[in-house]
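What follows is a short report on a single structure.
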Amino acid sequence: MHACDQDEGGGRSARVRGRDDGKRLGAAELGGEPGERATLVQFSSAFCAPCRATRRVLGEVAAMVPGVVHVEIDAEARLDLVRALGILRTPTVLVLDADGTEVRRATGQPRKADVIAALGEAL
């Protein structure tokens, strides 16, 4: 159903988009409390190798920045949310501001520096 975002050579192929004027995401949609300052939302699938690396990177960034949390959502278990947000690949990472509004979106395995830079827009 969802393609794991990996190029043919096995490397990462992250693509970043700006603000998506969609709805705000709160605890009900996220399945947990959002961060006080920002939330890193990761959509993953079970057999996605880049998803595991993305989980590590986002966890490290969330641990470094006060008020930021990382929430991982199983794309297959939350097809309603996947469809509503237009998630086409895993991993897809959304950066939400304190209000739960999406400020950045990236598909593929992100680099730590890119996640930190994207957080700058949300804080």
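When a residue number appears, it is its place in the shown sequence, counting from 1. This is a predicted model, so every value here is computed, not measured.
- The nearest pair of heavy atoms linking S45 to E76 is CB-OE2, 3.9 Å.
- Shortest non-hydrogen contact noted between V93 and P110 is CG2-CG, 4.4 Å.
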Between L40 and V68, is a side chain to side chain contact (heavy atoms under 4.5 Å, CB included) present by the stated rule, with each step listed?
-> CA-CA 7 Å; L40 301 170; V68 174; 4.1 Å; yes
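- When atom types are taken as modelled, the side chain of T101 and the backbone of D97 share no donor-acceptor pair closer than 3.5 angstrom.
- The two residues H70 and G59 make their nearest non-hydrogen contact at ND1-N, 4.0 Å.
- Evaluation of the side chain to side chain contact (heavy atoms under 4.5 Å, CB included) rule for E29 yields K23, L25, L81 as partners, not counting sequence neighbours.
- Residues L94 and R105 come closest through the heavy atom pair CD2-NE, 3.4 Å.
- V41 has its side chain within reach of L30: a pair of non-hydrogen atoms, C-beta onward, lies under 4.5 Å apart.
- A donor-acceptor pair under 3.5 Å is formed between the side chain of Q42 and the backbone N or O of C51.
- Atom OG of S44 sits about 9.0 Å away from atom CD1 of I73, to the nearest 0.5 Å.
- For the pair L123 and A38, the tightest heavy-atom approach, listed with the atom from each and the gap, is CD2-CB, 3.9 Å.
- When all heavy atoms of A75 and T90 are compared, the pair lying nearest together is CB-CG2, 4.0 Å.
- For the atom pair CD (E102) and OG1 (T39), the distance works out to 12.0 Å, reported to the nearest 0.5 Å.
- Taking CG of L58 as the reference point, atom NZ of K112 lies at 10.5 Å (rounded to 0.5 Å).
- For the atom pair CG (D114) and CG (L119), the distance works out to 11.5 Å, reported to the nearest 0.5 Å.
- Atom CG in L85 sits 10.0 Å away from atom OG1 in T92 (nearest 0.5 Å).
- Heavy atoms from other residues, nucleotides or ligands lying under 6.0 Å from CD of E36 number 12 at most.
- Listed for the R37 side chain is a donor-acceptor partner under 3.5 Å among the backbone atoms of P66.
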